[in-house]
Number of protein chains: 2
Amino acid sequence: MIPTDLIKGSLKTIVLKLLKENGRMYGYEITRKVEELTDGKIKLTYGALYPVLHKLESEGVLFTESENFNNRIRIYYLLTTHGHSVVAEKIKELNEFIESLQRIVDTKPGLSYA
Amino acid sequence: MIPTDLIKGSLKTIVLKLLKENGRMYGYEITRKVEELTDGKIKLTYGALYPVLHKLESEGVLFTESENFNNRIRIYYLLTTHGHSVVAEKIKELNEFIESLQRIVDTKPGLSYA
DNA sequence: TGCAATATATAAACAACTTATATATTATAT
DNA sequence: ATATAATATATAAGTTGTTTATATATTGCA
C-alpha cells in the first residue's frame, strides 16, 4: 500500500526501534511485526532487511544468538551496548523527520477561500 | 540535522506538494522553502533535486516556464493536469506513511514500569 | 577585491533497494 | 497422498537514486 521508496530511509531506524522494544527478534518476526503495527501498509522485503541486519551487525550495533526451534534455525538479533545509544539517537532523528514532514504536508493550500 | 537517507524517499512528494501549494517555483526557491518550513532541518541538494525535477518533467507530471530575472534565467516548474492528480495520490501515501511511522515509534517501550 | 548568496546543471562514484533465486520444514487443505 | 501456504534465512545481478565535485554566471556586501 505504501510504496517502498518512501520506506527506504527509515528501514534501519524501524528495525532498531523494534529490537529495543522487544529485546530480541529474528528476521521473519520483524517483517510480521511491522505489518501488524501498520495494518499491512508497510511490508519489508528480505532482500532489504537482511543486508541491513548484517550491516548493523558488522558495525557492532547488533549481535546474534542462533537457536534451534522445531528443526529450524532461528537467528535472533539483539542490540549491543553501543547499539542502545545508537537507537536513542536514531529515534530522535526519526521524530524530527516526522515533524518536518507534517509541517510540509499540513501547510494550508493557499488562503484562496478566506 | 536530519540525515539525508531519511529524506530520500519523500523528496518527490515534497516537491510536488510545494508546487501544488505555490503554483510555480524554481529549483533554488524549492530548497529555500523546504529549509524555511523545517527550520533548517531538511536541506535538499541540487544533485538530488534537479534529476527529480527533470524526471517528473519527462514523465509529464511537470512542465517548465523559463523567465529572465535580473539577467539570470529562472526555470519555473509547474504541475500539468496529470500532475495534479498525481500529487493528490502522493500526499495521501505520505500521510499514510507518517501515520505508520508514528505507530511504530510511539509504541510503548514495554510495560516494564506498570 | 573577495566572499556570500543567488541560480541551474551534469558526471563519476557510491550506496541501497528490488527482483529473482536457492534451500528447507511444518501445517493445512484437497 | 499431494500440493500449497506459511515459516525461515540468505545471496547476487541489475537497477535506481543520491552524494560529491565541478562548471558557469550575476548581484550585493564588506
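The figures that follow rest on heavy atoms only: side chains count, while hydrogens, waters and symmetry mates do not.
What separates CD1 of A/Ile73 from P of C/dA24 is a distance of 12 Å, to the nearest Å. Regarding A/Ile7, its CD1 atom lies at a distance of 16 Å from the C1' atom of D/dG17, rounded to whole Å. A/Ile30 places its CD1 atom 12 Å from the C1' atom of D/dT9, with the value rounded to the nearest Å. Separating the CG atom of B/Leu44 from the P atom of C/dT6 is a distance of 15 Å, rounded to the nearest angstrom. One interatomic measurement links the two molecules: CG of B/Leu6 to C1' of C/dA15, which rounds to 15 Å at whole-angstrom precision. Look at CD on A/Glu57: it is 13 Å from C1' on D/dA10, rounded to the nearest Å. If you take CD1 of B/Ile42 and C1' of D/dT18, they are 15 Å apart, rounded to a whole angstrom. Taking atom CD on B/Glu29 and atom P on C/dA5, their separation rounds to 18 Å, with Å as the unit.
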Quiz item: So B/Arg24 and B/Glu67, salt bridge (charged side-chain N to carboxylate O under 4.0 Å, His left out) or not? Walk me through it.
Solution: CA-CA 12 Å; B/Arg24 64 175 204 169; B/Glu67 276 184 31; 2.9 Å; yes
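Checked for salt-bridge contact, A/Glu36 and A/Arg32 miss the test: no charged N lies under 4.0 Å from a carboxylate O.
Using a 4.0 Å heavy-atom cutoff across all strands shown, A/Gly47 reaches at least one base atom of the nucleic acid. Within 4.0 Å of B/Lys55, counting heavy atoms only, lie sugar-phosphate atoms of the nucleic acid but no base atom.
Side-chain atoms of B/Ile75 lie closest to C/dA9 of the nucleotides C/dA16, C/dA9, D/dT11. Checking D/dT9, D/dT11, C/dT18 against the side-chain heavy atoms of A/Thr45 singles out C/dT18 as nearest. Listed nucleotides C/dA7, D/dA8, D/dT18 differ in distance to B/Lys8; the shortest reach to its side chain belongs to D/dT18. The side chain of A/Tyr77 sits closest to D/dA10 out of C/dC17, D/dA10, D/dT18.
Between A/Tyr77 and A/His54, the two ring planes are tilted [angle within 30° to 60°].
Side-chain nitrogen and oxygen atoms of B/Tyr50 include at least one within less than 4.0 Å of the OP1 or OP2 phosphate oxygen of C/dT8. Contact check, B/Arg32 against C/dT6: a side-chain N or O comes under 4.0 Å of OP1 or OP2. Checking the phosphate oxygens (OP1, OP2) of D/dA8, a side-chain nitrogen or oxygen of A/Tyr26 falls inside 4.0 Å. One finds no side-chain N or O of A/His54 lying less than 4.0 angstrom from the OP1 or OP2 phosphate oxygen of D/dT9.
Legend: residues meeting side chain to side chain donor-acceptor pair (under 3.5 Å) with B/Glu29, ordered by chain and number and at least two apart, are absent.
A/Leu62 pairs in a side-chain contact (heavy atoms from CB on, under 4.5 Å) with only one of the listed residues (A/Thr80, A/Leu78, A/Leu53, A/Val86), which is A/Leu53.
If A/Tyr46 and B/Gly27 are placed on DNA chain C by their nearest nucleotide, the residue sitting closer to the 5' end is B/Gly27.
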